[in-house]
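Working notes for the structure below.
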Amino acid sequence: MSMHVILDGIIVARFSSCLAVFYARGKLLALMNLAFFGCVFVTVVVSEFLIPPQPYLGSYPSFPEISFNFDFPLMVFSIFLFNLFVSAFAVVTLPGFVFFPLSTVFLLFRAVVWGLLLHYQPTWVFLIVVPTLVLEGEAYCFAAVAGTVAGASWIKPEWLFCDGKFSRVEAFKRALRECLVIYVFVALFLLFAAVLEAATLTIMV
């Protein structure tokens with residue numbers, strides 16, 4: 001069997017795994033998206049009525065990534081790693097491993113923080129950063145699904161897997177395999193977002 005055939009088989013298997021995960025968790029992912037982006041929107045709208053506008057003096061916003069002196073690859077690498085391991089995994093996914101609703105709680109907390117931050121930005125900054133926020137937000141929705149699936153697997157396996165009866169240990173192992181597939185998409189979204197954010201900062205400042 002040639003290497004080409006083996007690689008094709010691996011690609012097909014991985015693609016099938018991704019489709020299976022999307023088919024099984026599509027509704028949960030849709031709910032996470034609705035909750036997250038809806039919460040961002042509501043926070044921005046409510047802030048317009050409850051929080052007085054701050055005067056904008058024309059100065060550029062401050063971003064910690066600027067400390068890398070616009071070394072583009074280093075900016076992309078640092079933004080990507082921080083968002084993947086801290087913002088996505090440690091903040092959103094990992095709490096769900098302990099108690100699965102916590103992934104949703106921290107996702108919504110992030111949405112509120114984003115909404116408040118967007119409220120204080122001038123319109124031109126808001127429009128520029130929206131594409132980056134959409135990509136990052138989608139990544140965090142996937143991360144919340146991963147945490148929810150992993151946490152629920154050892155509390156109530158029957159909620160997740162209807163194709164058989166699994167012990168908590170077996171269900172958790174199966175959920176971890178799903179999480180790995182989900183985190184491929186988390187990483188891809190955050191990588192694209194990091195490139196876009198670094199490019200945006202380079203242009204803006």
Side-chain angles (χ1 to χ4, degrees), residues 10-11 14-15 17-22 24-26 28-33 35-37 39-40 61-115 117-118 128-153 172-204:
I10 293 175
I11 292 172
R14 295 302 181 189
F15 183 71
S17 298
C18 293
L19 288 181
V21 171
F22 275 116
R25 311 302 170 209
L28 180 58
L29 179 61
L31 287 174
M32 292 296 184
N33 274 273
F36 179 79
F37 290 106
C39 189
V40 172
S62 176
F63 299 95
E65 295 86 350
I66 295 175
S67 61
F68 293 112
N69 296 321
F70 301 104
D71 184 330
F72 189 79
L74 183 58
M75 289 175 65
V76 171
F77 186 68
S78 62
I79 293 170
F80 170 71
L81 287 184
F82 181 84
N83 286 341
L84 179 62
F85 291 106
V86 178
S87 298
F89 183 73
V91 175
V92 177
T93 302
L94 196 57
F97 278 50
V98 179
F99 183 51
F100 69 92
L102 289 178
S103 284
T104 304
V105 170
F106 280 98
L107 180 71
L108 295 181
F109 175 75
R110 177 174 290 277
V112 172
V113 172
W114 277 18
L117 291 175
L118 290 174
I128 289 174
V129 301
V130 161
T132 302
L133 295 182
V134 169
L135 288 172
E136 282 192 20
E138 189 62 39
Y140 298 143
C141 289
F142 272 87
V145 170
T148 302
V149 169
S153 67
F172 185 67
K173 290 180 179 178
R174 184 169 175 177
L176 286 181
R177 289 195 293 270
E178 284 195 19
C179 290
L180 290 176
V181 174
I182 293 171
Y183 254 80
V184 171
F185 293 93
V186 174
L188 287 175
F189 278 118
L190 290 179
L191 179 60
F192 291 137
V195 172
L196 188 56
E197 183 176 346
T200 301
L201 290 174
T202 303
I203 294 171
M204 286 174 58

[Y] side chain reached by [X] side chain, heavy atoms, under 4.5 Å:
| X | Y | result |
| --- | --- | --- |
| Met32 | Tyr140 | no |
| Leu118 | Val129 | yes |
| Phe89 | Leu84 | no |
| Glu138 | Leu29 | yes |
| Leu28 | Val149 | yes |
| Leu176 | Phe97 | yes |

Let me confirm one number: the [atom1]-[atom2] distance from [X] to [Y], rounded to the nearest 0.5 Å.
| X | Y | atom1 | atom2 | result |
| --- | --- | --- | --- | --- |
| Ser153 | Glu178 | OG | CD | 9.0 Å |
| Phe100 | Leu102 | CZ | CG | 9.5 Å |
| Leu196 | Leu191 | CG | CG | 11.5 Å |
| Leu190 | Phe82 | CG | CZ | 11.5 Å |
| Phe85 | Phe80 | CZ | CZ | 7.0 Å |
| Ile128 | Glu197 | CD1 | CD | 13.0 Å |

Which heavy atom in [X] sits nearest to a heavy atom in [Y], and how many Å separate them?
| X | Y | answer |
| --- | --- | --- |
| Ala139 | Val186 | O-CG2, 3.7 Å |
| Ile182 | Phe142 | CG2-O, 3.3 Å |
| Ala199 | Phe72 | N-CE1, 3.4 Å |

Which pairs of donor and acceptor atoms, one on a side chain in residues 103-110, lie under 3.5 Å apart (sequence neighbours left out)?
unit_1: Ser103; atom_1: OG; unit_2: Val92; atom_2: O; d: 2.8
unit_1: Ser103; atom_1: OG; unit_2: Gly96; atom_2: N; d: 3.3

Q. Among all residues two or more places apart in sequence or in another chain, which pass the side-chain contact (heavy atoms from CB on, under 4.5 Å) test with Val112?
A.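 Only Cys39, Thr43, Leu116 meet the side-chain contact (heavy atoms from CB on, under 4.5 Å) criterion with Val112.
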Q. Would the number of heavy atoms belonging to other residues, nucleotides or ligands and lying under 6.0 Å from CZ of Phe37 be above 12?
A.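 Result for CZ/Phe37: enclosed.
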